[in-house]
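Proteins get letters first, then strands, A, B, ... in listed order; numbering begins at 1 in each.
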Amino acid sequence: MLDIRLFREQPDTVREGLRRAGADPGDVDRVRALDEQVRSLKTEAEAKKAAINQANKSMSKASPEERETRRAELRALGDSIAEIDARRTDTEKTLQTLMLEIPNLPLAHVPDGADEHENVELRREGTIRRFDFKPRPHWELGEALGILDLERGVKISGSRFYVLKGLGAALQRAVITWMLDLHIEQHGYTEVYPPFVVKQEALYGTGNLPKFGDNLYHDVEEDFWLVPTAEVPVTNLHRDELLEASALPMKYVAYTPCFRREKMSAGRDVRGIKRGHQFDKVEMVKLVTPQSSDAELESLLSDAEDVCRGLGLPYRVLQICAGDLSFTAANKYDVEVYAPASKGEEGEEWLEVSSCSTFGDFQARRANLRYRPEPGAKPEFVHTLNGSGLALPRVIIAILENYQNEDGSITIPEVLRPYMHGRDRIIRA
RNA sequence: GGAGAGGUGGCCGAGUGGUCGAUGGCACCUGUCUUGAAAACAGGACGCCCGCAAGGGCGCGCAGGUUCGAAUCCUGUCCUCUCCUCCA
């Protein structure tokens, strides 16, 4: 959520930001009008409350007869306050609903652009392998090796579900553990094992609700929601807390499965394991001071890149343009790995394996995540950031396709071998 | 699932209808003392909203209700703890 003060004090800045983000700048005037109403109703009611409080003080010392005579008068005053408050509450609700659906503003240095076509490629790293045979897509490799079973996934759970078997399952587990260890030992993150279902407050905190509920799985009976990403439970760890400055930055890393309905993506990426309703991800989350958040985003990105480097996967980094930023992000980089065959006959593809974002105080305001800059100082909102490090299925795709051999076997990247009992290849069982 | 107890400020914990935003402790800030620190002593300091300020309003899990007046009484709800039951 944006700071209402920005709407009051710098409406043009907000309008411009919303326009760049592809949102409706007209909301600025709607917000301002509602805010005006709320404040004037509040002032009106508060003047009356001050009067009634004053009167009530003398009532406690008044004689019974005096109380009796003043009772009706005070009650009338009370009733008129209640009426004003009711109107204010209504208006506030409307304002709140509107505010919750207004996206974050892009940081000033985020480039203009309407959609993903205008994202800016910042760099490429790693060498793209030249094959002396035609590389095969991961679903062919996986099925042939007996490590991926798409059909049976569909049988037991429906479309967009799959089964990893044998060394396929082991490979994914190895990647998860290696990535966690890398972030814990090399990058200074603290591992967290969070719940995989959350209450709706948590989803409001991170900005998934109220706007994006239709991408979430929801158990109505218990009002439980399956997490779409570890970002949700981990960012909410300190919701409604007032942190000491010395506790910042907080850096967490968590492995969780992620559950998404993907209603909006029907028909996209239907082959293989690129886009499923359930996928695994290692996620990094940071809570930092406002002063450090730009630098923390850079180091977050570098932590994600280290995973690609370690695995020997060619990758590129994109600066996301203002119009392609997600609802909550103020700035965002995507990391995409190269996969030579994941488009099937169409060939190669860059697969998004990480989004590294800063949210400024947008999530912190929703989640009431504050810190005290100095002992005795006023509390302020922290800044939150997160980035995938990385998303599993696409890493698996990239490993299978980039490390495939002509005979259909897969060479296991060196860093993973200690996590797979020293094995260096996946061959048909 | 059954029975009971409880949710109060950054943390702990008093407070059962009016002078209570709330006693006390810890932590925090300032000062005295000290070479410095600690200790001791004195003072300060809750959060949010409106306001240039003076000042005002709101906040005792949450939502309603009773009352001139609610942390305190009533209803609902969520959560925590203890015991029982069950279980990996």
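The CD-C1' distance, from E380(A) to G10(B), rounds to 16 Å in whole Å. L95(A) places its CG atom 13 Å from the C1' atom of C49(B), with the value rounded to the nearest Å. If you measure from atom CD of E241(A) to atom C1' of A27(B), you get 16 Å, rounded to the nearest angstrom. Counting to the nearest Å, the P atom of G56(B) and the NZ atom of K57(A) are 8 Å from each other. C48(B) atom C1' lies 12 Å from atom CD of E92(A), rounded to whole Å. C49(B) atom C1' lies 14 Å from atom CD of Q96(A), rounded to whole Å. With rounding to whole Å, E44(A) atom CD is found 15 Å from G56(B) atom C1'.
Taking atom P in both G56(B) and U19(B), one finds a spacing of 16 Å when rounded to whole Å. Here the separation of U30(B) from G69(B), taken at their P atoms, is 44 Å to the nearest Å. Annotation: A3(B) and C11(B) have their P atoms spaced 32 Å apart (nearest Å). Taking atom P on both nucleotides, A27(B) is separated from U75(B) by 41 Å, rounded to a whole Å. Nucleotides A70(B) and C87(B) have their C1' atoms positioned 44 Å apart, rounded to a whole Å. Separation of the C1' atoms belonging to C20(B) and A14(B) is 12 Å when rounded to the nearest angstrom. For the C1' atoms, the distance linking G55(B) with G61(B) amounts to 31 Å, nearest Å. When the C1' atom is used for both G7(B) and U72(B), the distance is 15 Å, rounded to whole Å.
A 3.5 Å limit on both hydrogen-bonding distances identifies C79(B) as the Watson-Crick or G-U partner of G6(B). Across all strands shown, C52(B) forms no Watson-Crick or G-U wobble pair with both key distances under 3.5 Å. The nucleotide G21(B) finds no pairing partner, because no Watson-Crick or G-U wobble arrangement with both distances shorter than 3.5 Å includes it. Searching all strands for a Watson-Crick or G-U wobble partner of C86(B) with both distances below 3.5 Å returns nothing. The nucleotide U67(B) finds no pairing partner, because no Watson-Crick or G-U wobble arrangement with both distances shorter than 3.5 Å includes it.
Using a distance-only test at 3.5 Å, with no hydrogens or angles considered, no donor-acceptor pair links the side chain of K332(A) to the main chain of D324(A).
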| message | If you apply the rule ring pair (Phe, Tyr, Trp, His ring centres under 6.0 Å), what do you find for F362(A) with F327(A), and how did you get there? | response | CA-CA 10 Å; F362(A) 190 85; F327(A) 180 74; 5.7 Å; yes
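At the heavy-atom level, R88(A) lies nowhere under 4.0 Å from the strands shown.
Each ring pair (Phe, Tyr, Trp, His ring centres under 6.0 Å) pair with one or both residues in residues 142-167 of chain A, not counting sequence neighbours, appears once here: F161(A)-H277(A).
When each of I4(A) and L242(A) is assigned the nucleotide of RNA chain B bearing its nearest heavy atom, the one mapping closer to the 5' terminus is L242(A).
Looking at residues 359-376 of chain A, you'll see R370(A), R372(A), P375(A), G376(A) sit with a heavy atom under 4.0 Å from some atom of RNA chain B.
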Please tabulate the protein-to-nucleotide N/O contacts below 3.5 Å involving nucleotides 57-61 of chain B, giving atom names and distances.
residue : atom : partner : partner atom : Å
G57(B)  : OP1  : N53(A)  : ND2          : 3.1
G57(B)  : O2'  : E46(A)  : OE2          : 3.1
C58(B)  : OP2  : N53(A)  : ND2          : 3.4

Restricting both atoms to N or O, compile the protein contacts to nucleotides 63-74 of chain B shorter than 3.5 Å, with distance only.
residue : atom : partner : partner atom : Å
U67(B)  : OP2  : R75(A)  : NH2          : 3.2
C68(B)  : OP2  : R75(A)  : NE           : 2.9
C68(B)  : OP2  : R75(A)  : NH2          : 2.3
C68(B)  : O2'  : N56(A)  : OD1          : 3.0
C68(B)  : O2   : N56(A)  : OD1          : 3.1

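Evaluation of the side-chain hydrogen bond (donor to acceptor under 3.5 Å, both in side chains) rule for R417(A) yields no partner, not counting sequence neighbours.
Between R275(A) and E262(A), at least one side-chain nitrogen of the basic residue sits less than 4.0 Å from a carboxylate oxygen of the acidic one, meeting the salt-bridge criterion.
Two residues are said to be in side-chain contact when any heavy atoms from C-beta on lie closer than 4.5 Å; L216(A) and L203(A) meet this criterion. Between S357(A) and I320(A), the closest side-chain pair of non-hydrogen atoms is not below 4.5 Å. Residues F381(A) and D3(A) are not in side-chain contact: their nearest non-hydrogen atoms beyond the backbone lie 4.5 Å or more apart. No side-chain heavy atom of T229(A) sits under 4.5 Å from any side-chain heavy atom of N386(A). The shortest distance between side-chain heavy atoms of P103(A) and L18(A) falls below 4.5 Å.
Tested against S388(A), the residues E352(A), M284(A), R394(A), E283(A) include a single side-chain contact (heavy atoms from CB on, under 4.5 Å) partner, E283(A).
Distances shown here put a side-chain N or O of K378(A) below 4.0 Å from the OP1 or OP2 atom of C48(B).
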Let me have the donor-acceptor pairs involving side chains of residues 92-101 of chain A, under 3.5 Å, with sequence neighbours excluded, atom names and distances please.
residue : atom : partner : partner atom : Å
E92(A)  : OE2  : R88(A)  : NE           : 3.4
T94(A)  : OG1  : D90(A)  : O            : 3.0
T97(A)  : OG1  : K93(A)  : O            : 2.8

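The two residues A339(A) and I397(A) have their closest heavy-atom pair at CB-CG2, 4.2 Å.
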